[in-house]
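Quick notes on the structure that follows.
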Amino acid sequence: MPDDPTPQGRPLAGRRALVTGASSGIGLGVAQGLARAGAAVAVNYRSGQEAAEALVAEIRAGGGQAVALQGDVSKEEEVAALFRGTAEAFGGIDLLVANSGIQKDAPVGEMSLKDWQAVISVNLTGQFLCCREAIRAFRQGPERPGKARGAIVCMSSVHELIPWAGHVNYAASKGGVRMMMQSLAQEVARERIRVNAVAPGAIRTPINQEAWDTEEALEKLLRLIPYGRIGEPEDVARAVTWLLSDEADYITGTTLFVDGGMSLYPEFVGNG
Ligand code: NAD
């Protein structure tokens, strides 16, 4: 079916977005979704230059606006440069999707300080740096009577809620994202800046490939998902697009779970 060309089909027309970690997986799907919804999209990548440039070319070929920007979200100066780059390309910024994230798994006795810090630096500090810069930039932007002047979606995880043995750095980072998101939402709501999170369950991307790329692994994974299928980046992209749009104008400080019911204690299906 062709894209709906009506304004209702392009709820982000005229909005300017930065998506971090957008050269693969969920970030890539989100950048495509925002572009389809009419937003100009800055595609941040850390190392996937070719994929980021291919995505930019795809968005432009579809009549959209996009730019690829290299930068490490855990580095303060690089985050500032990312926002400058977005403003130079589009004249400002209205939307942020703080999506970049990594995993470095190990049982706690074998988890090095380096791997603890690496995950916290990207997943939590990286999101803080991006949110702070976005809020500063939104404050410089025009007010929009009756609507949010800027909106942020932080990419969380079901592990902001579900403890995860063998992944203490990752689960701690996502628990931190939840409280950071809510505290920021509370702090900037009066300025008509909305801050929310999306918490994906199991989405088919490179980060968790070993959990779905064999039949046996997939079968084991599906036992954790009441809805009975793995998620796709597009499932997350639709939720992010809606949360960033004016349709969600009264929503701030909320986590939207996109998880096929993974957070519903699936062990209790069938009466426990
Ligand atoms: P992915 O590995 O494809 O994407 C992560 C992206 O982050 C990559 O593009 C990577 O280059 C980028 N990145 C890593 N370190 C960076 C840095 N220092 N600076 C800038 N970018 C950096 O995996 P994904 O599944 O698409 O993950 C995206 C987000 O979704 C992550 O925050 C992840 O925790 C979250 N998430 C994923 C799942 C899932 O099932 N796939 C579930 C819950 C949450």
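Quantities reported herein were computed from a predicted structural model and do not represent experimental measurements. Both ligands and their constituent atoms are indexed starting at 1 by order of listing.
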Intermediate values then yes/no, side-chain hydrogen bond (donor to acceptor under 3.5 Å, both in side chains), Asn44 and Thr20:
CA-CA 5 Å; Asn44 160 248; Thr20 67; 4.7 Å; no

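Leu161 is linked by a side chain to side chain contact (heavy atoms under 4.5 Å, CB included) to Phe257, Ser263, counting only residues two or more places apart in sequence or in another chain.
Salt bridge annotation for Arg84-Glu133: absent, with no cationic side-chain nitrogen under 4.0 angstrom from a carboxylate oxygen.
Side chains of Gln117 and Ser121: no donor on one and acceptor on the other come within 3.5 Å. Between the side chains of Glu234 and Gln32, no donor-acceptor pair of N or O atoms lies under 3.5 Å. Side chains of Gln182 and Gln186: a donor-acceptor N/O pair is absent below 3.5 angstrom, by distance only.
A heavy-atom cutoff of 4.0 Å around ligand 1 is satisfied by the protein residues Gly21, Ser23, Ser24, Gly25, Ile26, Asn44, Arg46, Gly71, Asp72, Val73, Asn99, Ser100, Gly101, Ile102, Val122, Met155, Ser156, Ser157, Tyr170, Lys174, Pro200, Gly201, Ala202, Ile203, Thr205, Pro206, Ile207, Asn208.
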